[in-house]
S.K.: 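Questions regarding the structure given below will be posed in turn.
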Amino acid sequence: MPRVSASALPTAPLAGLTLVVGFAAGQLTGVRPVAAVVLLAGAAWCALRSVPTAGWWRVAAVVGMAVMAFVGSHLVAPVIGAWPAVVVAALVLAAVTWALVDAPAPRRSGDDGRDGAPSTQARRSS
C-alpha cells in the first residue's frame, strides 16, 4: 500500500479534525487546558503548512473562522448537544478552509499553469 505524505493531504480535514480531537481530549481528560493545547497545536500546524501556498491573509481569515466556529459551537451546544455542535463547527471550518486554502485557484485566460505568469505565447502576442 503506498504511503501518503502529510504535505499531500489537504488542510481542510485536518483543520476540522483539530476541533473534534480537541473537544475529545477535553472530554476524555476532563481538563480544559488539554483541549486548548490540542486546539492551539492543531491550529499552528495547519497555519504553518498553509502559509506558503495560501498566504498570511487567507490563513488569518481561516483562523478567524476557526475562532467563530469554536464560539458558535458553544452557543448552539445547549440546543443541539455538545457533540453535534462540535461536528457542525468542524464541517463549517473544513469548508471554509477548503475554499480559502486548499481549492485550486481558478485558471486565468492565457495562464499556462506553471508559475502564475501568462504563457510565453500570450506574452509574445502582447
Side-chain angles (χ1 to χ4, degrees):
M1 181 162 92
R3 292 184 66 180
V4 177
S5 73
S7 63
L9 295 171
T11 303
L14 302 172
L17 278 173
T18 295
L19 287 179
V20 173
V21 172
F23 181 70
Q27 289 286 85
L28 291 172
T29 64
V31 180
R32 283 188 162 193
V34 170
V37 167
V38 171
L39 290 172
L40 291 173
W45 189 77
C46 287
L48 290 174
R49 79 186 300 262
S50 300
V51 167
T53 57
W56 281 106
W57 289 109
R58 287 179 184 232
V59 171
V62 169
V63 170
M65 182 62 226
V67 171
M68 289 190 299
F70 178 81
V71 170
S73 70
H74 285 79
L75 296 176
V76 300
V79 178
I80 65 173
W83 274 107
V86 170
V87 170
V88 168
L91 291 173
V92 168
L93 177 59
V96 170
T97 304
W98 174 260
L100 293 177
V101 173
D102 293 330
R107 295 189 64 173
R108 295 180 303 232
S109 175
D111 186 357
D112 66 4
R114 285 183 284 154
D115 61 2
S119 67
T120 305
Q121 182 71 13
R123 280 182 278 182
R124 285 186 190 147
S125 65
S126 315

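Please read all numbers here as calculations on a predicted model, not as lab measurements. Worth knowing before you read on, the calculation uses all heavy atoms, side chains too, and leaves out hydrogens, waters and symmetry mates. Residues take their numbers from the sequence shown, with the count starting at 1.
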S.K.: Taking only residues at least two apart or on different chains, which pairs with a member in residues 58-78 satisfy ring pair (Phe, Tyr, Trp, His ring centres under 6.0 Å)?
M.R.: Phe70-His74
S.K.: Does Val37 have any side-chain contact (heavy atoms from CB on, under 4.5 Å) partners at least two apart in sequence or in another chain, and if so, which?
M.R.: none
S.K.: Would you tabulate the side-chain donor-acceptor contacts of residues 76-105 under 3.5 Å, counting partners in other chains and residues two or more places apart, or write 'none'?
M.R.:
unit_1 : atom_1 : unit_2 : atom_2 : d
Thr97  : OG1    : Leu93  : O      : 2.7
Asp102 : OD1    : Thr11  : N      : 3.1
Asp102 : OD2    : Thr11  : N      : 2.9
Asp102 : OD2    : Ala12  : N      : 2.6

S.K.: Each residue besides Val59 in its hydrophobic cluster should be listed here, by chain and number; the cluster joins Ile, Leu, Val, Met, Phe, Trp and Tyr at side-chain heavy-atom distances under 4.5 Å.
M.R.: Val51, Trp56, Val63
S.K.: Other hydrophobic cluster members with Leu40, side-chain heavy atoms of Ile/Leu/Val/Met/Phe/Trp/Tyr under 4.5 Å, chained?
M.R.: none
S.K.: Counting only pairs under 3.5 Å, give me each side-chain donor-acceptor contact of residues 19-28, with atom names and distances, residues two or more places apart or in other chains.
M.R.:
none

S.K.: Output all residues satisfying side-chain contact (heavy atoms from CB on, under 4.5 Å) with Thr29, sequence neighbours left out; order by chain, then residue number.
M.R.: Val31, Val34
S.K.: Flag the pair Thr18 / Trp45 as yes when at least one side-chain heavy-atom distance between them is below 4.5 Å, and no otherwise.
M.R.: no
